[in-house]
Structures are given as C-alpha cells and as structure tokens.
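First comes the structure, then the notes that go with it.
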Protein chains: 2
Amino acid sequence: MQALSLIEPEAADAVAPCCPPLTERPFTADEAETAARMFKALGDPVRVRLFTAVASHEGGEACVCDISDVGVSQPTVSHHLKKLKEAGLLSSERRGTWVYYRVEPSVLAAMGKLLSFTPAAA
Amino acid sequence: MQALSLIEPEAADAVAPCCPPLTERPFTADEAETAARMFKALGDPVRVRLFTAVASHEGGEACVCDISDVGVSQPTVSHHLKKLKEAGLLSSERRGTWVYYRVEPSVLAAMGKLLSFTPAAA
DNA sequence: AGCTTGTTTCGACGTTTGTCGATGTCTTGC
DNA sequence: GCAAGACATCGACAAACGTCGAAACAAGCT
C-alpha cells in the first residue's frame, strides 16, 4: 500500500495510457482494441500459468527453464512467451545460456486500472 | 480503497472463488483455466465495447437496442452478448419487448482481485 | 572444432473464433 | 389472427489460434 504512494498516479498514466475503468463510460473503438489486446494475452490457460510463474518468481524474473513445466511442449512454451511479450506484459533478456523473462509493470498497471472500481459501481 | 473494506474478503471469495492476485504464486492448471476464461471474455474489442456500454449505462442495465451500435451486425452483437453471459460477466432479463443486460458484480470482483497488487510487486 | 544444452523459428495440422445472411421465436399492437 | 419489431439461433465461411515435431540458432564446455 505504501509502495503505491511511491509512484505518482500521473506517472502511471504516462507509462501506459489506455482507458478509464471498464465501468466508467462506453469505450471508443480504439480504446476497446487496446484493452482487448491486453485481456486477450491472458486469455489462455498456459499463458496465465507462465505469467504467474514469472510474476511470482523470486527476483521478479525467471528463465524459461524455470517455468517450462506447464504441460505443453517446449516450442509451445516459447510461442506463448512470445505472445505475452508482444502484448507488452513481459520483457525478456538473454544472459549467457539462459533467457530471463520479467513482468512489465506499466501494462500490468494499465490492466489494474481497467478493473479498479468500487464494488458498488459494479 | 475504502469501499473495498465494505466487503469482507471472505465474502468476496465466496461469491466467485477463483484465484489470488496474478503476482502471488504460480497458478495451478485449474486456477489458470478459470482465470483465462474470464480474461478471454474481454479479449475481443466488440465485447469490450458492449461490456463498457452496459456497465456505464444509467441504471446499471441496458437493452440490446441501446448498445447495438458497435459496427457489427445484429446477430454478431447477440453472439457476443451470449459469450459475455456464458463467462458470467453479464446477466440478461426479458421485460416486454426488450432484453436487458446488466453487469454481474461477483465475476467482475474476481477479476479485480486478480489484478489487485502493489506496483512494487510487479 | 565438435558436442551438449537452452531457446527460438518454421511448417503443418486440426480446432476455435468472429462474422454474416437467413430464419426462427417472442412480444406488442392493430 | 396477423403484421411488425426486438432479439436469438442456425449454417456457412475465412481467419486466427494452439499445438506439435523438426530444424535452426546461441552459448558454453571439452
């Protein structure tokens, strides 16, 4: 909670300007496109598992070998990681033999904003 | 934030028991399946527009005729509304000539919970 | 250089998805 | 009863998606 105050709201907006909360007003076509792209990235069970594995891994990052045990072949894992990367949810960096993936905070913040509304509004 | 405390966490769990925040720990296959199903429902631009139109409509509900102007044919609108309903995001009720859709708070709360984390954790 | 391990790319396949026009169902009003 | 409007379902089609095995690429080791 306190960590929240370390980041100014305006700054968070600047990083990934997208849309107001889903309940605020009807989205324009462009807003809907952007929002849908983010949701779609997490619309597959394998990607959810990969994402949560990276996000919860110690140090905030994980190499592919750490998270490949999700029940699909290794090329498929790579394919889904690429999708998550294209959607802006993850970033990757090669260090020696391994490739490390980490969560991209800004897009995650944008998604959080989409779903940040008081229960009363829903 | 304060509005959140009006609802007990246990109660929120009871309504739509699903998963902890995405950044907390690697999801199980079942948790990932559930979470992905919810995200997938909002993974299409037309559905995002329909959903935000319903969610932001006065009175918390809207008939199909109020929100059909999203650039696709009428059967397609109906198709997407059905998908949103199957995902638990909307519910519908016929009153006379018109069918009214409204947001289902519990599933929306579950999605909010998935994305409720401090930016520091991301 | 050659081998081994980690990761991505390629090509192919079956399945799911979004879209439409046509048709069906339900309700109201004449 | 019948016509009209609101909405859902059906059937068809192209495009996108998830998956795999095979092959390519990259880095380290002997």
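A note on names: the letters A, B, ... follow the listed sequences, proteins ahead of strands, and every chain is numbered from 1. Quick caveat: nothing in here was measured; it's all calculated off a predicted structure.
No engagement by A/K85 is indicated, since no non-hydrogen atom pair under 4.0 Å with the nucleic acid exists.
B/S91 and B/K85 share no donor-acceptor pair across their side chains, judged by distance under 3.5 Å alone.
Between the CD atom of A/Q74 and the P atom of D/dA23 there is a distance of 16 Å, rounded to whole Å. For the pair A/D44 CG and D/dA16 C1', the computed distance is 13 Å after rounding to whole Å. One atom, NZ of A/K40, and another, P of D/dA16, lie 9 Å apart when rounded to the nearest Å. Taking atom NZ of A/K82 as the reference point, atom P of D/dA16 lies 15 Å away to the nearest angstrom. Here the P atom of nucleotide D/dA6 and the CD1 atom of B/I67 are 14 Å apart, to the nearest Å. In this structure, OH of B/Y100 is placed 11 Å from C1' of D/dA6, rounded to the nearest angstrom. What separates NE2 of A/H80 from P of D/dC17 is a distance of 12 Å, to the nearest Å. Atom CG of B/L81 and atom P of D/dA6 are 16 Å apart (whole Å).
For the disulfide bond (SG atoms under 2.5 Å apart) condition, no pair includes a residue of residues 70-114 of chain A, sequence neighbours left out.
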Item to check | Candidate pair A/R25 and A/E31, rule salt bridge (Lys or Arg N to Asp or Glu O under 4.0 Å), full reasoning | outcome: CA-CA 11 Å; A/R25 58 168 171 76; A/E31 288 171 336; 2.6 Å; yes
Next on the checklist: I'd like to know whether B/R102 forms a salt bridge (Lys or Arg N to Asp or Glu O under 4.0 Å) with B/E104, so could you lay out the CA-CA distance, the side-chain angles of the two residues, the decisive distance to 0.1 Å, and finally the verdict.
Outcome noted: CA-CA 6 Å; B/R102 57 170 55 245; B/E104 203 61 38; over 6 Å; no
Item to check | B/L42/A/L114 under side-chain contact (heavy atoms from CB on, under 4.5 Å): CA gap, chis, key distance, verdict | outcome: CA-CA 11 Å; B/L42 289 175; A/L114 282 172; over 6 Å; no
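For DNA chain C, the contact window with chain B, defined by any atom under 4.0 Å from a protein heavy atom, covers C/dT17 to C/dT28 in 5' to 3' order.
When the nearest nucleotides of DNA chain D are assigned to B/S78 and A/V46 by heavy-atom distance, the more 5′-ward of the two goes with B/S78. Mapping B/K83 and B/P75 onto DNA chain C by nearest heavy atom places B/K83 at the nucleotide closer to the 5' end.
Here B/R95 pairs with B/E61 in a salt bridge; the nearest charged N to carboxylate O distance falls below 4.0 Å.
Between A/T76 and D/dC20 there is a side-chain N or O to OP1 or OP2 distance below 4.0 Å. Proximity of B/Y101 to the phosphate of D/dA6: no side-chain N or O atom is located under 4.0 Å from OP1 or OP2.
Each of A/Y101 and A/W98 belongs to its own hydrophobic cluster when Ile, Leu, Val, Met, Phe, Trp and Tyr are linked at side-chain heavy-atom distances under 4.5 angstrom.
Atom OG of B/S106 and atom CE of B/M111 lie 12.0 Å apart (nearest 0.5 Å).
Listed nucleotides: D/dC20, D/dT9, D/dT19. Nearest to the side chain of A/S73: D/dC20.
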Contact list (N/O, under 3.5 angstrom) for nucleotides 24-28 of chain D vs protein:
none

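Judged by the 6.0 Å and 45° rule, A/R94 forms no cation-pi pair with A/Y100.
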